[in-house]
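See structure below.
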Amino acid sequence: MSFSCIFENKVLNGLNDCGVDISSLEKSDKSIGVAVSGGADSISLLFSLSNLFKNKNIKIKVITVNHNIRAEEETKGDADFVVDFCKKMQSCGKNIECKLYEIERGKIFNLAEKNKAGIEEAARQLRYEAFEDFIASEKISFLCLAHNQNDKLETILMRFLQGASCDSAAGIPEVRDLYIRPLINITRNEIEDYLKENKINWRTDKTNFENNYFRNNIRNNLVPLLNNNFSGWQKAVLYGSEKNEMDSKIIDSILKKIDLDVNNQEVSFSRAMFASQMDGIKIRVLLKAFNLAGINQRIPFVFLNDVIKSEKESKEFYKEFSDVTIFIKKDIVLIKKSLKKTTELYFSDIIEESCNMQFPFGNLCIQNKGDFITFENNHQKVDIKCKFPLRIRSFYLGDEIETSSGIMKKLSDVYSDWHVDEEKKYLIPVIEELNRKDNRIVCILGSFLGFKDWVVK
């Protein structure tokens, strides 16, 4: 048996393990979905499924999401590669359709700032919103994701280093609702060998080699260290993951017996019930309530633990984190998703080349002058020693800028010194240089609204 046949049998076994009944799927009017990025994992998944379903009455519907985080030629290149790959397979008689979802440039950065979260987490949230829309609109039975065994190992290491609970430390589940992972027991080496044998190219995301992302740091530094010094660590970690998954099922069985009242984006439950639980169960009750309230971001353990301590010590109180509000009253605990409206004055855009753009504070001409970039409108011109890409955005609480003495000063204090009124704070453009690890603020263009400029030398 050829390696390709062995690989495709592994994918078939992965489908079976995920609960996919191919004969039932063939008889239904639904399709199977595949999320494809253009990388080796998702291309191997799509190609192997197309071979497995070649003579079956099963349509494969592909979704590819352009996150618009990287440079235009890279991110558009990935999307075009997936669309073209699907067209080639269609021409070979494969029953495949492809749908491209575009996330507006800057939207992921805006969400990360709003939620005080990382770029990866914000991208994941918007990606899964696209997945949910795709599943509903395209009548998808299952959406296949291309996470493999290496991804699972990396995730377990990440969760361990983040101090995760046993359910998170179990890593990536094979099945979650309509999301399935047929490659979860297949290694990345097997995936690449399969594609090479079939002479299939794939796209490589250059940011995979940038270690300022937590997962990349794990993949590029910690995993090679473990491989070189700790023989057999992969099996030990995977066995530990299985044990954590067993523990999680015990906790899930307890949670099923706890009544949570869901009303739109509000979830409430008995305070007496909550107070009677062990702290570990209280954490899971809160996390489940957040999920039911439509809150998808990761909630820090420090915040959860603070809620538990406050419930023990206080009669009534409320706490906030990002767009989460918790009210603890005499008899009930109420969790709400805050419906905060972004001010109309708020703006944020990624600038990668010379251009003219319209902002709430007016038109801005941005020109690359070699070592300097010039920002100019009808009244003012400012030269800044920096390079593309840049982000031009409005002020956020907690923003800091470097002083001439090298210490950091809060922008709120700068604006106070300048006597800027509340509304104009959000109109003054703040410039970040994105090719630096810390995305530091290099300038406040105060002169555009009649104040000083603050340029970091």
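Not less than 6.0 angstrom separates the ring centroid of Phe131 from the ring centroid of Tyr101.
Residues in residues 448-457 take part in these side-chain hydrogen bond (donor to acceptor under 3.5 Å, both in side chains) pairs, two or more places apart or across chains: Ser447-Asp453.
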Exercise. Under the salt bridge (Lys or Arg N to Asp or Glu O under 4.0 Å) criterion, do Asp252 and Arg284 qualify, and how do the steps go?
Worked result: CA-CA 9 Å; Asp252 287 342; Arg284 303 320 194 284; over 6 Å; no
For this session: Could you give me the CA-CA distance, side-chain angles and deciding distance for Glu120 and Arg127, then say whether salt bridge (Lys or Arg N to Asp or Glu O under 4.0 Å) is met?
Result: CA-CA 10 Å; Glu120 289 177 289; Arg127 180 168 63 252; over 6 Å; no
Exercise. Where do Lys99 and Glu138 land on the salt bridge (Lys or Arg N to Asp or Glu O under 4.0 Å) test, with the steps shown first?
Worked result: CA-CA 10 Å; Lys99 189 167 186 179; Glu138 298 296 326; 3.5 Å; yes
For this session: Begin from the C-alpha positions of Asp417 and Lys409 and carry the test salt bridge (Lys or Arg N to Asp or Glu O under 4.0 Å) through to its verdict.
Result: CA-CA 11 Å; Asp417 294 342; Lys409 183 169 182 175; 2.6 Å; yes
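Ile441 pairs with exactly one of Arg393, Glu402, Arg391 by the side chain to side chain contact (heavy atoms under 4.5 Å, CB included) rule, that one being Arg393.
For the residue pair Glu313/Ser310, the side-chain donor-acceptor check at 3.5 Å is not satisfied. Thr155 and Arg215 are linked by a side-chain donor-acceptor pair at a separation below 3.5 angstrom, with hydrogens and angles left out of the test. Side-chain contact check for Thr75 and Asn66: at least one donor-acceptor pair (N or O, by modelled atom type) lies under 3.5 Å. Side-chain N/O atoms of Asn68 and Glu102 include a donor and acceptor closer than 3.5 Å. Asn220 and Asn216 share no side-chain donor-acceptor pair at under 3.5 Å. In this model, no donor atom of one side chain and acceptor atom of the other lie less than 3.5 Å apart for Gln149 and Asn185. For the 3.5 Å distance criterion, the side chains of Asp41 and Trp202 fail to qualify, holding no donor opposite an acceptor.
Under a cutoff of 6.0 Å and an axis angle of 45°, Lys61 and Phe134 do not form a cation-pi pair. Geometric assessment of Arg271 against the ring of Phe269 yields a negative cation-pi assignment under the 6.0 Å and 45° thresholds.
Residues Cys443 and Leu445 have side chains in contact (heavy-atom distance under 4.5 Å, counting atoms from C-beta outward). Taking the side chain as every heavy atom from C-beta outward, Thr374 and Ile366 never approach each other to under 4.5 Å. Ile326 is listed as a side-chain neighbour of Val333, based on a closest heavy-atom distance under 4.5 Å.
Summarising the geometry of Ile332 relative to Ser268, their closest heavy-atom pair is CD1-CB, 4.4 Å, with the distance given to 0.1 Å. Considering every non-hydrogen atom in both Ile156 and Ser241, the closest pair reads CD1-CB, 3.5 Å. Of all heavy-atom pairs between Val420 and Lys425, the closest is CG1-N, 3.6 Å. In terms of heavy-atom proximity, Ala130 sits nearest to Ile63 at O-CD1, 3.9 Å.
No more than 12 heavy atoms of other residues, nucleotides or ligands lie within 6.0 Å of NZ in Lys387, so this atom counts as exposed by the packing criterion. A 6.0 Å sphere centred on CD of Glu132 holds more than 12 heavy atoms belonging to other residues, nucleotides or ligands. Within 6.0 Å of atom CG in Asp259, 12 or fewer heavy atoms from other residues, nucleotides or ligands are found, so the atom counts as exposed in its surroundings.
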